[in-house]
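One structure is given here, and the rest of the page talks about it.
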Amino acid sequence: MSSDSTLSNVRFDNWNLESNILNSLSEKGWDFATKIQAEAIPIARKGRNVVGQARTGSGKTAAFGIPCIESTQTNGVTQAIIITPTRELAQQVSEELTWLKGEKGLKIETVYGGTDIEKQAKTLDGGVEIIVGTPGRIIDMSKRGHIKLEGITTLCLDEADRMLDMGFFPDIIWILEKMVNRKQTMLFSATFPEEVLEAANTFISDAEHVMSDDLEVEIPEIEQMHISVGRANKLWALGRILIKMDEDDQMMVFTNTKRMVDLLTQRLSKFRLNAVGLHGDMPQNKRQRIIESFKEGNDKVLICTDVAARGIDVDGVTIVVNYDLPDDVESYVHRIGRTGRMGRKGVAWSFVSGEDKGQLQKISATWNLEIPESNPPELPEGVSREPVKRQQDWAEVANNFGMVTVNLSIGKNHGASNHNLTNWFHTEARLDQLAIGEVTISDSSSQVEIHLDKVESALKVMANRKWDGNSVNLEILK
Ligand code: ADP
Ligand code: MG
């Protein structure tokens with residue numbers, strides 16, 4: 001199940017861990033710690049602050065979870081708080097802590113938005129030792145007096161660089177300021193941009209850094225490829241990937257907007273391709289149902305925003321598709337890291353339009369990755385019908401000014417000139433001045449630029465027109 005590159009040769013039973021935790025681990029069949037666990041757990045158990053960086057799917061949850069559980073007493077007082085960027089991740093982390101604690105009678109409560117406040121308040125008032133949650137609801141509950149941040153001594157930020165970026169930093173500062181008795185702080189992520197480490201230094205002192213050399217981000221062994229495809233044909237390419245899926249493959253498809261999640265899910269269902277969508281504007285109970293069903297393997301294809309890019313652990317995910325290339329370089333690492341977990345194999349496809357080429361370059365340069373171009377998978381043997389038909393995508397062959405270059409089989413030798421060619425298109429295809437760009441004439445051929453909105457109809461008309469009594473061959477130049 002696990003590859004050598006992720007596991008260490010340190011056995012959990014060498015550590016003299018609390019027996020409840022040891023029992024849980026052995027019941028689960030975990031004998032060896034992963035590398036990040038082997039390094040971080042002994043440090044954390046001494047009560048030290050830890051900044052831990054390790055690749056996606058390498059067991060960071062237990063790296064902070066085990067010491068967290070061990071140092072927490074069953075006394076009804078909240079002692080540890082773990083903060084994550086999304087509700088789904090809070091739920092997942094909470095579940096992992098719950099099985100890790102085993103028979104230790106700790107109460108662990110998840111605290112995130114979209115759930116019944118009154119009920120949650122009651123639970124919290126009843127005495128909870130560990131809280132796992134998202135910033136908004138944690139702040140809310142603490143303002144209402146149901147979480148006493150002053151008394152909490154241990155703070156963990158999972159996906160710490162995300163928690164300390166502009167979106168969440170003010171919330172985290174708010175929480176930090178209330179945690180006047182904070183004794184231990186642990187930050188974990190697969191990515192730690194330099195500026196985040198600097199920000200962390202302002203509130204965490206003397207942290208032991210457990211990370212790869214030079215902050216080099218390690219990427220699991222995921223086969224990464226890109227397909228050059230414009231907006232019009234992304235669905236066609238996705239159709240090819242979908243039809244090639246095996247029975248036990250699962251796939252996550254990332255888009256950049258919530259609206260695209262909805263649109264894409266609808267469009268796929270029109271083509272009888274099954275997929276479920278997940279984004280942050282959905283009602284919480286629906287979000288929960290969908291992620292659970294996906295985790296159980298009942299749904300094979302999840303279309304989602306970056307709400308599912310970080311932390312989500314579904315071991316059946318074998319394929320990740322960047323339907324839209326992510327806007328920030330970190331996101332790429334986290335998205336593709338939904339596959340290839342614990343040394344398993346995975347494939348990541350990125351759809352790259354002409355406009356996205358620069359962003360792809362930036363991603364591969366930042367992480368020192370090769371993301372070679374590839375065609376979409378071929379149709380399976382015996383299948384001749386495309387799941388989704390391919391369209392002519394003029395935007396992809398047009399230049400920055402929206403002009404498509406058409407090559408004509410007539411040139412100076414046939415009496416063509418800049419003037420009479422422009423006129424010819426003008427009268428025959430009714431193209432106005434703006435629809436015609438540069439015209440270049442050589443001896444036996446010429447090139448005419450036509451605006452992408454007009455080129456299709458122009459080609460249709462001109463195919464039947466004669467030049468000096470002879471038919472003309474027109475073709476698109478890329
Ligand atoms: P990360 O947070 O580094 O992305 P996770 O904590 O989500 O990784 O762990 C990835 C997967 O590996 C999870 O399914 C987890 O249960 C499993 N795992 C973690 N540690 C071990 C271990 N020591 N032995 C076997 N499996 C493990
Ligand atoms: Mg994680």
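Counting starts at 1 for both ligands and their atoms, in listed order.
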Does ligand 1 come near enough to [X] that some N or O of the ligand is less than 3.5 Å from an N or O of the residue?
| X | answer |
| --- | --- |
| Gly59 | yes |
| Gly57 | yes |
| Gln92 | no |
| Gln37 | yes |
| Gly311 | no |

* To do: Classify the side-chain pair Asp356/Ser353 by whether it contains a donor and acceptor separated by less than 3.5 Å.
  => yes
* Between Ser269 and Arg272, does any side-chain donor sit less than 3.5 Å from a side-chain acceptor? -> no
* Asked: Does at least one non-hydrogen atom of Phe12 fall below 4.0 angstrom from an atom of ligand 1?
  -> yes
* To do: Would you please determine whether Ser58 falls within less than 4.0 Å of ligand 1 on a heavy-atom basis?
  => yes
Test of understanding: given a 4.0 Å heavy-atom threshold, classify the contact between [X] and ligand 1 as side chain, backbone, both, or neither.
| X | value |
| --- | --- |
| Phe32 | backbone |
| Thr56 | backbone |
| Lys60 | both |

* Step through the shown structure and confirm whether more than 12 heavy atoms of other residues, nucleotides or ligands are within 6.0 Å of CG on Asn274. => no
* Mark yes or no: Arg87 above the aromatic ring of Tyr112, with NZ or CZ under 6.0 Å from the six-membered ring centre and no more than 45 degrees from the axis. => no
* Would you call Arg341 and Asp313 a salt bridge, using N to O less than 4.0 angstrom? -> yes
